[in-house]
Amino acid sequence: MHTTFIPIDYGYFDFEGRNYIKITGRDEKGKRLCVIDSCPIYFWAILKAGVSEKEIEKLRGKIEKIQLDANGRKTKVEKVEIHNKNFLGKPVKALKIFATNYKDMHEVADKLGIPEIEKRRGYDLGLITHYIIEKKLVPLNWYEIEGEVLNNSREFGGIDSALDVAVCIKLKSAKEIENKTFVPRVLAFDIETDEFQIGKGEILMVSLVSDNFKKVITSKQINAKEKGFEFVEYVKDEEELLEKFVAYVKKLAPDFLVGYFSDGFDMPYIKARAEFHKMKLPLGLDGSQPVFHRGSMTTCRIDGIVHIDLLKFVDTAYSQYMQSETMSLNDVSKEFLNDTKSNFEFKSSTKMSDEDWKDYFIYNLQDSDLTYRLFFKFWPDIREFSRVLQEPSFEISRNGMSKNVESFIIHNLDRFNEIPEKRPTHDEIGERRTREKYEGAFVFQPIPGLYENLAIFDFTSFWPSIIATFNLSKSTILEKKEKNSLEVDIGKSKIFFNKSPGFFPEMLKEIILLRKKYKQELKIKEDAITKARSNAFKLLANASYGYQGFFGARYYCPEASAATTGLSRDFIKDIINKIDKAGYRTIYSDTDSIAFLLDKKTEAETTAFLKELNKKLPGIMELELEGFFKRGIWVTKRAGDIGAKKKYALVSKDNKLKIRGFETVRRDWCRLARETQNKVLRMILEDGNEKKALIYIKEIIKKIRERKIDRKEILIRTQLKKQISEYKNISPHVIAAKKMQEQKIPIDEGALIEYFIAETREKKKLVREKVKLVHEKGEYDIKYYLEKQLLPAVENIMQVFNVDIRQIIENKKQDKLSKWI
DNA sequence: GGAGGTGACGTACC
DNA sequence: ACCGGTACGTCACCTCC
């Protein structure tokens, strides 16, 4: 039969010792299809140089006889082909060794103790990745497919009758067709429990949100059967709750089952409770249970349905560019949906009134609702990532950026006739991790002061554009200087690169172009999601620089990274020189950007000057105007009187602030200090002098002394980055965490700990001895908030105007004293 | 027991 | 372990007198 098809979920199974790929997706009418396909299973044996044709033929005969019993099945080498390929950019002769089962390829490869074989490659990609490379059936693209309908067929052991799909097709051919929109069926879910710890408590309710569908299933019997609460469905106990949950997933037939931190909480919790009741959870389309994979983090996979944990995707794709200080569903929703969930105060479930329960239902439903809407906010990105990286959504939503970069490389290698490099072994990783750091970016030492009329230039995708332009990679690095090679001085040594384009720099060019495309789109319509997508690709481009220096990378090449930063330092310093020579004055520079004074030059002259600079830049390197600014301030470091790097504030002509590095943007400072500093910066940058700011600071100080500051203004928030017992230095936030633990407040690694510094009866020396939690009784420590929070946040700013704020305050104190005397 | 240096730690910049 | 290096600042801890 013929049909359209969009692949969504990828799985595999074995039948009679062979591998089959099972792809779940939809046709254009929305019917759920399952496509079964297979592909050649093989790996590569790269031959040593100079092995003769005759010897190769002999080898082929020998290898073709390999048979073994592995993993409880008979497996053998099916055939061997001889190919001319490239490996790390160099031509090689290689044997393509076809085996029966993908999972046995390691063992087959181990059988090849043959001296003529230099390397074995291509057996560690994962079956699904291998399949997508072979058959080019890319996730979330549209295809016109042809195949044989399996209807109670005995082929594959009757798999079609066990699958909950409309049609099951054995694939014959697939042709990519014009892209159509695709609106996936999505079911968002969220559970509420009476104990935070998995396996300890019970599930109180589960909420489900889908298209025109909202539901909260609960075993709590309260009288809320009134108008507005039709979404609540009562069940007799937790077992029935779990049964209903499974039933609704079946009924709603989602392509994506979406949670927020559901890999780490909801799914493991549901599993633990099902085990407790000795129940099965047949969520998979083949009736299978969710499969948990425990690595550095647990993942949960459901057959035929893509389980997405949105938290992970948001974390890798956007967190660096987000304003929110936490990754909580609430904060993320606020940023991307302009929406917050209603506040709900958690009480022990035994102490809740009926009204409290009703609030709880609403709260639970809202979590799923936000998750549902967030999914659609990120859907274009999830889909785009899947298609560009050619990996299923399950993977791309969980992989880190380095893995994503690697996916892009792996799926584009055959255009370069390249054999994939292997993953580093455990030992190799260990060795790589001990390497010395290489020198990074150049940061200009600023001279503290308030400046007027500034411009900022910056390089677009600076490091990636250098890698692409100068061809810096593992496959292009040379052992020694060669004719027509590029020489890069990295300080203690020189490195050489081949000038003929390597596959990694070439691919990077494509990533940069994609980034450009999205940035262009962003200029046309400025909305959160276009912005996020542009950033996501910027991240992918930037990650490809970090990738080469990352110990886990297949194409690890720290020399290329060192050369990249080395060249970047040369370029930025050269531009700084040219800017200064042209009559401007450089104030600051960090990595890829330069801030300078216009002085008597006009903006038009400056844009023309930028054009001139660009003419002389090689390859795809490009300098652009970030903007013109009315004023900017740079301050000294707390210790010493030199200018602080990575700390400045600018104001544009339309009075928009751009604050970097200051306490204002640091979440581990209290709001009082942050907001005061922010206002002070605004006043100074808008007016060009410190007068108003000084008055304002004095007001705040008075308020602090008179204890008029709200508790929420003085809370300090610090993240617990590891287990409490692992800390060598017991800092205030560790004490706060310990207190929380004593008070049975659930905390975990990664939690943001909130506390304040309180006045104590006895004189305490250490800050940590004065730590109190938000709800604890006590007065704040005036001295601490004055001297350790407020003053540090404003004194360096006032110092720019030769105002010694500490002196002013102390004099005031004396004034008060003298009045008393 | 206070001064001063150092290391651990968290966070931000690009 | 899950992209890199650069930089600032606080607090605890250690040494020294």
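Note: hydrogens, waters and symmetry copies are ignored here, and every other heavy atom, side chains too, is used. Note on naming: letters A, B, ... go to the chains in the order of the sequence lines (proteins, then strands), and numbering restarts at 1 for each one.
Rounded to whole angstrom, the span from the CH2 atom of A/Trp463 across to the P atom of C/dG4 amounts to 12 Å. Spacing between atom CZ of A/Arg433 and atom P of C/dC2 amounts to 7 Å, rounded to whole angstrom units. Distance A/Glu787 CD to C/dT10 P: 12 Å, rounded to the nearest Å. Rounded to whole angstrom, the span from the CG atom of A/Leu791 across to the P atom of C/dG9 amounts to 15 Å. In this structure, the NZ atom of A/Lys722 is 14 Å from the P atom of C/dA1, given to the nearest Å. If you measure from atom CD1 of A/Ile642 to atom P of C/dC8, you get 7 Å, rounded to the nearest angstrom. Atom pair A/Arg660:CZ and C/dC8:C1' shows a separation of 16 Å (rounding to whole Å applied). Note: CZ (A/Arg674) to P (C/dG9) measures 16 Å, nearest angstrom.
The aromatic rings of A/Tyr318 and A/Phe378 lie parallel to each other, their planes meeting at an angle below 30°, with 60° marking the opposite boundary. Using bins of under 30°, 30° to 60° and over 60° for the plane-to-plane angle, the ring pair A/Tyr648/A/Tyr588 lands in the tilted bin. Note: A/Phe444 and A/Phe442 have perpendicular aromatic rings, judged against thresholds of 30 and 60 degrees for the angle between ring planes.
Looking at the side chain of A/Lys437, the nearest of the listed nucleotides C/dT10, C/dG4, C/dT6 is C/dT6. The nucleotide whose nearest atom lies closest to any side-chain atom of A/Ser296 is, among C/dT6, C/dC2, C/dA1, C/dC2. Here the side chain of A/Tyr438 is nearest to one of C/dA7, C/dG5, C/dG9, namely C/dG5.
Contact footprint of chain A on DNA chain B: nucleotides with an atom under 4.0 Å from a non-hydrogen protein atom, first to last in 5' to 3' order, B/dG7 to B/dC14.
Not counting sequence neighbours, the partners of A/Arg554 by the side chain to side chain contact (heavy atoms under 4.5 Å, CB included) test are A/Asp124, A/Leu125, A/Glu406, A/Ile410, A/Glu421, A/Arg423, A/Tyr547. Listed by chain and residue number, A/Lys578 satisfy the salt bridge (charged side-chain N to carboxylate O under 4.0 Å, His left out) test with A/Asp574 (two or more places apart in sequence, or in another chain). Every residue meeting the side chain to side chain contact (heavy atoms under 4.5 Å, CB included) condition with A/Leu610, not counting sequence neighbours, appears here in chain and number order: A/Phe457, A/Asn614, A/Leu623, A/Leu625.
Just one of A/Arg435, A/Arg433, A/Lys422 meets the salt bridge (charged side-chain N to carboxylate O under 4.0 Å, His left out) condition when paired with A/Glu428; it is A/Lys422.
Residue A/Arg666 has no polar side-chain atom (N or O) positioned under 4.0 Å from OP1 or OP2 of C/dG9. Distances shown here put every side-chain N or O of A/Tyr555 at or beyond 4.0 Å from the OP1 or OP2 atom of C/dC3. Taking only side-chain nitrogens and oxygens, A/Arg435 comes nearer than 4.0 Å to OP1 or OP2 of C/dG5. Dashed line: the shortest gap from a side-chain N or O of A/Lys637 to OP1 or OP2 of C/dC8 is under 4.0 Å. Distances shorter than 4.0 Å separate none of the side-chain N or O atoms of A/Lys312 from OP1 or OP2 on C/dC2.
Atoms OH and OG, from A/Tyr545 and A/Ser465 in turn, are 13.0 Å apart once rounded to the nearest 0.5 Å.
Residue A/Pro792 is classed as a sugar-phosphate contact, given heavy-atom separations below 4.0 Å to backbone atoms only. Within 4.0 Å of A/Glu325, counting heavy atoms only, lies no atom of the nucleic acid at all. Residue A/Lys645 is classed as a sugar-phosphate contact, given heavy-atom separations below 4.0 Å to backbone atoms only. Note on A/Tyr727: only backbone sugar-phosphate atoms sit closer than 4.0 angstrom, heavy atoms only; bases stay farther off. Heavy atoms of A/Phe444 sit nowhere under 4.0 angstrom from any nucleic acid atom. Within the 4.0 angstrom heavy-atom criterion, no nucleotide atom of any strand lies near A/Gly552. Across all strands, A/Tyr648 comes closer than 4.0 Å only to sugar-phosphate atoms, never to a base (heavy-atom distances). Within the 4.0 angstrom heavy-atom criterion, only backbone atoms of the sugar-phosphate kind lie near A/Glu439; the bases stay farther away.
Nucleotides of DNA chain C nearest to A/Val443 and A/Gly546 differ in position, and the one nearer the 5' end is that of A/Gly546.
A heavy-atom distance below 4.5 Å is found between the side chains of A/Ile409 and A/Phe503. Looking at heavy atoms from C-beta onward, A/Asn678 lies out of side-chain contact with A/Glu663 at the 4.5 angstrom threshold.
Two end axes, each from the C1' atoms of five base pairs, can be drawn for the helix from B/dG1-C/dC17 to B/dC14-C/dG4; they diverge by 10°, to 10 degrees.
Under the 6.0 Å distance and 45° angle rule, A/Lys722 counts as a cation-pi partner of A/Tyr727. Figure legend: A/Arg301 and A/Phe394 shown as a cation-pi pair, the cationic atom lying under 6.0 angstrom from the six-membered ring centre and within 45 degrees of its axis.
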- Encode nucleotides 12-17 of chain C as B, S and - characters from 5' to 3', where the letter depends on protein heavy atoms closer than 4.0 Å: B to the base, S only to sugar-phosphate, - to neither. SS----
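For A/Lys646 and A/Asp590, the salt-bridge test passes: some basic side-chain N is under 4.0 Å from an acidic carboxylate O.
Enclosure of atom CD1 in A/Ile745 by more than 12 non-hydrogen atoms of other residues, nucleotides or ligands within 6.0 angstrom is indicated.
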